[in-house]
S.K.: 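I'd like to ask you about the structure that follows.
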2 protein chains.
Amino acid sequence: MITIYDIAEKANVSAMTVSRVINNSGRISEATRKRVRKVMEELNYIPNSMARGLVLQKTKLLSLLITDITNPFYTTIARGAEDTAKRSGYKLLFGNSDEDYVKEKDYVEMILSTRVDGVLFAPTGDASLEQLRQLQKHGIPFVILDREVPGIETDVVLGDSKDGARKLVEHLIGLGHRRIALVNGSPDVSTARLRYTGYREAHLLGGLPLDESLVVSLNYREFQDEASLQALLSLPSPPTAIFAANNLLAVGIIGALRQRGLSVPEDVSVVCFDDFGPAETVNPFLTVASQPAYQFGALGMQLLIERIENGPGSENRKIMLPSELLIRSSTRTWDR
Amino acid sequence: MITIYDIAEKANVSAMTVSRVINNSGRISEATRKRVRKVMEELNYIPNSMARGLVLQKTKLLSLLITDITNPFYTTIARGAEDTAKRSGYKLLFGNSDEDYVKEKDYVEMILSTRVDGVLFAPTGDASLEQLRQLQKHGIPFVILDREVPGIETDVVLGDSKDGARKLVEHLIGLGHRRIALVNGSPDVSTARLRYTGYREAHLLGGLPLDESLVVSLNYREFQDEASLQALLSLPSPPTAIFAANNLLAVGIIGALRQRGLSVPEDVSVVCFDDFGPAETVNPFLTVASQPAYQFGALGMQLLIERIENGPGSENRKIMLPSELLIRSSTRTWDR
DNA sequence: CTGTTAGCGCCTTCAA
DNA sequence: TTGAAGGCGCTAACAG
């Protein structure tokens, strides 16, 4: 491995001078600068960022933790975050918690031991509190994405889950549905709670009775709980529409409905949160509350960088991004 | 920041003893081990992996470079790679080159300066040669994914592009199409060349004449070249079917066709390589040659880890994974 | 403008 | 079973 000492020797200067050339710090004669640069090229020198990080106590490395790398919502966030980080000269380390509390914990440990300068954090849920406290304890700045965690104060970028949910359910009510199921994420996740609230509000405003037997809570990551769907469909008066709390749940539900010989939207209408990325444009099907994912990432990253560069003690900002109702063909009127 | 010296002091031992406890190395009395462990917990100690990496000259960090983080094909690869890496105790650093040679170069520089132990590399194309040589020069082991790079010898995991292409085109010919366009990736990418070869073979075997004016080369990342589509459609005898070399190109083409008032598959049949992930199961539409993405990632990572742990001088392995023809509803018979 | 010294946090080697 | 010395590659602080 080539070090600054190798460069120094070959260029007849001290290691310190090489360091100065690398960092453009201090005053150096144009002649030696050129000489050093040339030797660096010849020897194909690459600075060792571990050594540098060790003395500087910072790495110019940021971390983005998302909860599902196969969900287009999160990969689009990743794009936005990366573009923004790069613009400020930070490198980005992606992490994927798979909606799994244990993986999240592992990941935070790695973050801590890698000594990144900051973290853009999409929590798995309220239990992420422990991980976030851990980050605080070690003085790592972070910004929270998509889901609030009670007990933690920092910058946060959220979608308007309540409003989006209300819009979706009002759309269904407007189509004539009166039995609308909610297949929600876990109540340990703030977005799931807010989507429930929106669902509730739409019922109250629309004069529909609220029936708790129509509400089910699962894991956001995928729909595997056939039993709960079966229970919904076996109700004396089964739902004619289903509001899935996110895109992946919707996918699972539609598959399960079809296996039972039910078709969407003829037998059941389905709506959900979050779009599907490029794939969806081919054959737009699902009626969704679409959130501006790229902006989630870009804004979150911007807040994080400001937070890092302004040092501690900056006030906490909370940004709420609106969602847009996109009516497509997974919903239809109900007049039976 | 807590260091082993803080621990040592509080536990009344030397730093060396703490280090031994952390690494389970050397013989240590159960009593001191317990004492040290306890202090570590109390002080919330996290080892500094930069300091450790500096002396050990290895990081237990691997890097996965993909060319498009919003493409479900690559995110599924990421899943497979991550699962496998984790199982062997490696952490994974994701990178995204966006099919952009310059970003790829930046990324390799970061890899080099971070001193990762190895790289799973999906090249942007033949020009990646320079980056890969750079990795070789610095002695970083790597495995290539999805696309071959002439001039580089290492382990490589590929899909069978030629075979997949042939199957897709034969399917179209079987449906009665005789004017089949190929909207390909850049000829600088091995998969694009092989898909062209497969396209060609299907024509020869099927007794169809080959018309080069039906073949167009673009960038894999997205379809923005409206002019080339226009040129195809303006031919004296325009294509009745289009083979898009990957999923994202297909999405763009279908959108562009619709803007022109043409519908798929009524006016034009469309097929492509690579599936769309969960989204596609909702409303399966595109006829595709589906590649086992998760396995790409898992196998590639396994080869990489073996390569790292067996040291240099291991022989080069080449794995070719088959693709599967999934016939859906973007294709139909042509008998006009 | 350039060099010397010391130390970032950890582990290897050698000694006790 | 434990400890002391030295060094991984780099830069801050001070000297010249």
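A, B, ... follow the sequence lines: proteins, then strands. Residue 1 opens every chain.
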S.K.: Give me each pair satisfying ring-ring contact (aromatic ring centres under 6.0 Å, His included) with a member in residues 82-133 of chain A, each pair once, sequence neighbours excluded.
M.R.: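 The answer is none; no pair qualifies.
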
S.K.: Under the side chain to side chain donor-acceptor pair (under 3.5 Å) test, which residues partner A/N71, sequence neighbours left out?
M.R.: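 A/N247.
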
S.K.: Return yes if a side-chain donor-acceptor contact under 3.5 Å exists between B/N316 and B/T154, otherwise no.
M.R.: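 No, no side-chain donor-acceptor pair sits under 3.5 Å.
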
S.K.: Please tell me whether A/E99 and A/T124 have a donor and an acceptor in their side chains that are separated by less than 3.5 angstrom.
M.R.: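 Judged by distance alone, the side chains do not pair up.
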
S.K.: What does nucleotides 2-10 of chain D look like as a protein-contact string, B for base, S for sugar-phosphate only, - for none, at under 4.0 angstrom between heavy atoms?
M.R.: BBB---BBB

S.K.: Give the rounded distance in Å between these two atoms: CD of A/E30 and P of C/dC1.
M.R.: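 Rounding to the nearest Å, CD of A/E30 and P of C/dC1 are 10 Å apart.
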
S.K.: Whole Å only: how far is the CG atom of A/L112 from the C1' atom of C/dG9?
M.R.: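 About 15 Å, once rounded to whole Å.
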
S.K.: Is it the case that the side chains of A/D6 and A/Y45 hold a donor-acceptor pair, with the cut-off being a distance below 3.5 Å and no angle test?
M.R.: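 Checked: A/Y45/A/D6 side chains show no N/O donor-acceptor pair below 3.5 Å.
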
